[in-house]
2 protein chains.
Amino acid sequence: MANSDPVYLRVVEDLRRQIVDGTLPPGAPIPSRHQITRKYSVGETAARHALRVLAQEGLIVGRVGSGHRVREKPTLLPSYRSRVPEPHTPFAMDMQANGRQPSWNWRSELAEAPPEIAQRLQLSQWSPVIRIRFVFRGDGKPMQLATSYELIEFGQSQSPEEGTAERRSTVSRMAANGTKITEISESVHVRVPQPTESDLLELPTGVQVLHVERTHWAAERPVETSDIVIPGDKFRLVYGIPVSL
Amino acid sequence: MANSDPVYLRVVEDLRRQIVDGTLPPGAPIPSRHQITRKYSVGETAARHALRVLAQEGLIVGRVGSGHRVREKPTLLPSYRSRVPEPHTPFAMDMQANGRQPSWNWRSELAEAPPEIAQRLQLSQWSPVIRIRFVFRGDGKPMQLATSYELIEFGQSQSPEEGTAERRSTVSRMAANGTKITEISESVHVRVPQPTESDLLELPTGVQVLHVERTHWAAERPVETSDIVIPGDKFRLVYGIPVSL
DNA sequence: GAAGCTCGCCTGTGGCTCCAACTTTGCCCG
DNA sequence: CGGGCAAAGTTGGAGCCACAGGCGAGCTTC
């Protein structure tokens, strides 16, 4: 079975086993390419490949000059998704709950709803909507991205604007507006970050992102929908599911 | 800028651009290693590396003999997490909603709660609990894993048992029992699958998993908690967040 | 004893080659 | 004219080598 398997897998599996069972604790040095070639009697290519795979899996990190080490377990900040966000976005509330200084900036502009967004807002394709792009930071470091689409009739302004940290949550803005948000729905999946996202979020290779599609509903109609990109190595999402009595 | 960048990145970026902007639609063939070496004037190593990176990102898939193609967009099955699961687990309900035949098997036994589980159940470490392991299948193929921990006073039996597809959801079992579940909480994060998980779920390399920690509460006390492992390439989790009027 | 520098180790990148296994295609022969 | 087979093309695995540049241990020098 494991006989005809590729050679590099033998190395990967052995090292992985040692990492997950704690023989190699977080921070411990991983044998170098040369050491692997000797220890496992494999070529340099296989050694390199094995290290790449483990790095790709997020189990080890390599630094030029000082070798590979077992990745330290990141502490995942909770993001409480079930709390209705007021006065600010969930992100700002999470950061405050976690004792970090939240800051963010945004840019709004008029745009045409691409097919998927149009569907989520129950509009026809390429209808005009207001698009707002956010970059959220915690203690100055970029931590989440979001792109929000609002129906034009609810947006305050149709001309491009931008700002920092003073935009309020959709829920409270709508409330001030006379529109009561009655439900929020979120759909969560995992994906590989796009290059611009890796860039903006300063993601190490191998880290995937949680993609949250969030829609605000008022009276059975969607009024706003957003795509939120959350680094998988920094956050966990916490939901409460009420059970009606 | 892009001048001193590694050569293979030029290839990756060009192909990626063509894929994301639709020049190369899903299913379209990607140039072979030899074609890449010629077209971009790079060595074969760089060409191969570029293809590996794109495959790793999930944008293309390679098949021995017939080349690489742009990956078809996988359809992610929705998993409706907010619905209170009766009479069966969320998984079974999702499969039915998606028109697939659900099946599962489980094994229960007495175990000692490891620190993290003990904390989630508000017990002291290594307290006796009932541990139940599930493998969930859709149309016969393994799709989700779960490990559940129940307080002994609520479990029906303390001796090891196993079964197939007849175990009811915690909510309905507790109800039959006189204990009303009042809330369910879930915490979602992403992680790399452990080898046994990759094995059981038959995951391709590079696919990460959604790890859901789910806890059932009755009268402000946790009565059951489970770890659910969900392949990131097969499911998206859907939550509804009620906004109280 | 402390400060600074040198040299060796390690990673990341990249080039070249060979081989096994598999797919596709097109040609040849019946 | 059609079916089957062989050749060409492709991926994935594997080996070897080279080189730039970061990092750090340890030696040298002040």
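Chain letters run A, B, ... following the sequence lines, proteins first, then strands; residues in each count from 1. Just so it is clear, the structure is predicted and the values come from calculations on it, not from any experiment.
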**Message:** Please determine whether any donor N or O and acceptor N or O are separated by less than 3.5 Å between the side chain of B:Thr45 and the base of C:dG15.
**Reply:**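 Such a pair is found, so the answer is yes.
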**Item:** Contact boundaries on DNA chain D for chain A, cut-off under 4.0 Å to non-hydrogen atoms
**Value:**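 Nucleotide range in contact with chain A: D:dG13 to D:dG24.
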**Request:** Assess whether atom CZ of B:Arg100 is packed by more than 12 heavy atoms of other residues, nucleotides or ligands within 6.0 Å.
**Result:**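 Incorrect, the count does not exceed 12.
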**Request:** Please tell me which of the listed nucleotides, C:dG12, C:dA21, C:dT13, lies nearest to the side chain of B:Pro6?
**Result:**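 The answer is C:dT13.
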**Request:** Could you check whether B:Arg48 gets within reach of a base, just the sugar-phosphate, or nothing at all, counting any heavy atom under 4.0 Å?
**Result:**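 The answer is base, as B:Arg48 lies within the cut-off (heavy atoms under 4.0 Å) of a base atom.
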**Asked** At under 4.0 Å between heavy atoms, what does B:Gly65 touch on the DNA or RNA strands: base, sugar-phosphate, or nothing?
**Response**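 Counting heavy atoms under 4.0 Å across all strands, the contact made by B:Gly65 includes a base.
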I'd like to know if [X] and [Y] make a salt bridge, using a cut-off of under 4.0 Å between side-chain N and carboxylate O.
X	Y	result
A:Glu13	A:Arg17	no
B:Arg191	B:Glu197	yes
B:Arg16	B:Glu57	yes

**Prompt:** Does the side chain of A:Tyr80 pick up a donor-acceptor pair with the side chain of A:Asp94 at under 3.5 Å?
**Reply:**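 No, no side-chain donor-acceptor pair sits under 3.5 Å.
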Return the orientation label for the [X] and [Y] ring planes: parallel under 30°, perpendicular over 60°, tilted otherwise.
X	Y	value
B:Tyr8	B:His49	parallel
B:Trp106	B:Phe134	tilted
B:His211	B:His189	parallel

**Request:** Respond yes when some side-chain nitrogen or oxygen of B:Tyr8 is under 4.0 Å from OP1 or OP2 of C:dT13, and no when none is.
**Result:**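 Yes, because at least one side-chain N or O of B:Tyr8 sits under 4.0 Å from OP1 or OP2 of C:dT13.
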**Message:** Nearest heavy atom decides the nucleotide; on that basis, is B:Arg63 or A:Glu44 closer to the 5' end of DNA chain D?
**Reply:**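 Looking at the nearest nucleotide for each, B:Arg63 comes out on the 5' side.
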**Message:** Could you tell me how far apart B:His49 (NE2) and C:dC16 (C1') are, to the nearest whole angstrom?
**Reply:**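 Distance check: B:His49 NE2 to C:dC16 C1' gives 17 Å.
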**Prompt:** Going by number, which of residues 27-41 of chain A have a non-hydrogen atom under 4.0 Å from DNA chain C?
**Reply:**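 Those residues whose heavy atoms fall under 4.0 Å from DNA chain C, taken from residues 27-41 of chain A in numerical order, are A:Ser32, A:Arg33.
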